[in-house]
Amino acid sequence: HNAKDQGVEIRRYVPAMQMKAKERLKLENDMRRALERNEFYLVYQPQVHLDTEEIVGMEALLRWDHPKRGLISPSEFIPIAEESGLIVSIGEWVLKTACLQNKMWQNAGYQPICVSINLSMRQFLQPNLAGKIGAILSDIGLEACYVDLEITESMTLDKETTFDQLKRLKELGVFISIDDFGTGYSSLHYLKNMPIDRLKIDRSFVQEVMEDSNDAAIVSTITSMAHHLKLKVTAEGVENKDQLQFLRQQRCHDAQGFLFSKPIRALEFEKSFLKMLRVEIPS
Ligand code: C2E
Ligand code: MG
Ligand code: MG
Ligand code: MG
């Protein structure tokens, strides 16, 4: 490369980078107002118990309906929310909204199920997180056993902080799941020592479990390990019956995926899934 070539490269790439930073900043500013403008909503995806085929839970997933851009995927805006710190207030809204929804469904007489809520790194590192969640639960009147908090392996890097935080959360009575299990920094040490309840096998392993023998080996190993460690195990991203059958053979406890349902709005979730679970009280 001579200087001229480099000059061409610089002219070609710098504007693109500036655009990206500018766009990011715009999105961040829009996000600041999104909460008060009611642009966020939650969708729910059922979690199915493989033995009984009953719905035992639902994962709450955040959606942002941007006034100009339309629906923006959480994988696009959560990282920006995380970096700017906005995730703390957005995450609190998610916690409150999901818990309130769950309580309202219980009040309506549906069979109680657990709601899984994703926590981001910044949220998880808040020293008063357990206190905040405890206050939300008692305000709403929801029992802690109907809440499952999903964290990722990367959040468990600092062993001491993680252990203390998880212990405080467990004292509240909520469940703790490790999301996207197998994709992060895996240490068997924390699986042995951390007070967790469940592993969620990342959907990248489930996707090709029938075609790729390495994926099959990984899913089988994670499931077996979970059994030995007396942890529950959920498979994410189940899209077809072959995958489901494989997971059953491996004695995976629960599954989640498009085979059962995409994440859907509360009202649709209630109509499609909760009505079937309603406890019939004879009059
Ligand atoms: P996640 O927690 O692992 O959530 C599962 C993702 O897999 C969801 O994507 C869901 O729509 C998708 N999924 C479920 N079943 C299938 C399937 O069968 N096939 C395929 N291809 N995909 C499936 P979504 O809703 O786009 O969320 C992406 C990620 O964004 C989540 O991954 C989670 O890490 C994050 N996220 C979503 N909502 C929140 C939130 O409220 N707070 C935080 N901190 N993160 C969130
Ligand atoms: Mg999750
Ligand atoms: Mg997650
Ligand atoms: Mg996941």
Could you go step by step and tell me if Glu59 and Val115 meet the side-chain contact (heavy atoms from CB on, under 4.5 Å) rule? CA-CA 6 Å; Glu59 179 169 2; Val115 65; over 6 Å; no

side-chain contact (heavy atoms from CB on, under 4.5 Å) assessment of Met225 paired with Phe181: CA-CA 12 Å; Met225 184 173 69; Phe181 187 75; 4.0 Å; yes

Start with the C-alpha gap between Ile72 and Trp64, add the side-chain angles, then the distance that decides, and say whether side-chain contact (heavy atoms from CB on, under 4.5 Å) holds. CA-CA 6 Å; Ile72 306 179; Trp64 181 12; 4.0 Å; yes

Step by step, work out the side-chain contact (heavy atoms from CB on, under 4.5 Å) result for Leu169 and Phe124. CA-CA 10 Å; Leu169 290 170; Phe124 184 66; 4.1 Å; yes

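Between the CG atom in Asp254 and the SG atom in Cys252 there is a gap of 7.0 Å [rounded to 0.5 Å]. The OG atom of Ser116 sits 10.5 Å away from the CG atom of Leu119 when rounded to the nearest 0.5 Å. Atom OG of residue Ser204 and atom CD of residue Gln207 lie 7.5 Å apart, to the nearest 0.5 angstrom. Considering CD of Glu143 and OG of Ser138, their distance stands at 12.5 Å, rounded to 0.5 Å. A distance of 11.5 Å separates CD of Gln47 from OG of Ser261, quoted to the nearest 0.5 Å. Separating the CZ atom in Phe205 from the CG atom in Asp212 is a distance of 10.5 Å, to the nearest 0.5 Å.
When side chains are defined from C-beta on, Gln111 counts as touching Glu54, because their heavy atoms get closer than 4.5 Å. At least one side-chain heavy atom of Gln250 sits less than 4.5 Å from a side-chain heavy atom of Ser220. Put simply, the side chain of Ile264 does not reach to within 4.5 Å of the side chain of Val43, judged on heavy atoms. Leu231 places none of its side-chain heavy atoms less than 4.5 Å from the side chain of Asp197. Between Asp179 and Ile151, every side-chain heavy-atom pair lies at or beyond the 4.5 Å cut-off. The side-chain heavy atoms of Tyr110 and Lys275, taken from C-beta on, include a pair separated by under 4.5 Å.
At a threshold of 4.0 Å, the pair Arg24-Glu28 does not count as salt-bridged, since none of the basic side-chain nitrogens sits closer than that to a carboxylate oxygen. Salt bridge status for Asp30 with Lys26: present, with a side-chain N to carboxylate O gap under 4.0 Å. The existence of a salt bridge linking Asp180 and Arg203 is excluded, since no basic side-chain nitrogen approaches an acidic carboxylate oxygen closer than 4.0 Å. By the 4.0 Å N-to-carboxylate-O rule, Lys262 lies too far from Glu239 to be salt-bridged with it.
Of the possible donor and acceptor atoms, one in the side chain of Arg122 sits under 3.5 Å from a partner among the backbone N and O of Glu83. Remark: the backbone N or O of Val94 is not paired with any side-chain donor or acceptor of Thr97 at under 3.5 angstrom. Looking at Lys200, its side chain never comes within 3.5 Å of a backbone N or O of Val233 through a donor-acceptor pair. Lys241 places no side-chain N or O within donor-acceptor distance of the main-chain N or O of Gln245, the cut-off being under 3.5 Å. Between the side chain of Glu153 and the backbone N or O of Gly182 there is at least one donor-acceptor pair closer than 3.5 Å. For the pair Asn102 (side chain) and Ile113 (backbone), a donor-acceptor distance under 3.5 Å is present. For the pair Glu150 (side chain) and Ile176 (backbone), a donor-acceptor distance under 3.5 Å is absent.
Here the closest non-hydrogen pair linking Gly237 and Gln243 is O-OE1, 4.1 Å. Considering all non-hydrogen atoms of both residues, Phe175 and Cys145 come closest at CE1-O, 3.2 Å. Shown here for Phe77 and Met31, the closest heavy-atom pair between the two residues is O-CE, 3.6 Å. A pairwise comparison of heavy atoms in Ile117 and Cys99 identifies CD1-SG, 4.1 Å as the closest pair. For the residue pair Ser73 and Ser75, the shortest heavy atom distance occurs at OG-OG, 2.7 Å. Minimum heavy-atom separation, Arg248 to Leu50: NH2-O, 3.0 Å.
Residues Thr234 and Arg198 have side chains that bring a donor and an acceptor to within less than 3.5 angstrom of each other. When only modelled atom types and interatomic distance are considered, Ser177 and Asp148 share a side-chain donor-acceptor pair under 3.5 Å. Donor-acceptor pairing under 3.5 Å is lacking for the side chains of Glu236 and Gln256. Checked by atom type, the side-chain pair Tyr44/Gln101 shows no donor-acceptor distance below 3.5 Å. Judged purely by distance below 3.5 Å, without hydrogens or angles, the side chains of Lys103 and Tyr146 never pair a donor atom with an acceptor atom.
Relative to the ring axis of Tyr41, Arg265 places its NZ or CZ within 45° and under 6.0 Å from the centre.
Between His227 and His253, the two ring planes are tilted [angle within 30° to 60°]. Trp93 and Phe40 have tilted rings, their planes meeting at an angle from 30° to 60° on a 0 to 90° scale.
No path of Ile, Leu, Val, Met, Phe, Trp and Tyr side chains, each step under 4.5 Å between heavy atoms, connects Leu247 with Phe258, placing them in separate hydrophobic clusters.
Here the options are Met155, Lys167, Met194, the test is side chain to side chain contact (heavy atoms under 4.5 Å, CB included), and the partner is Thr162; only Met194 passes.
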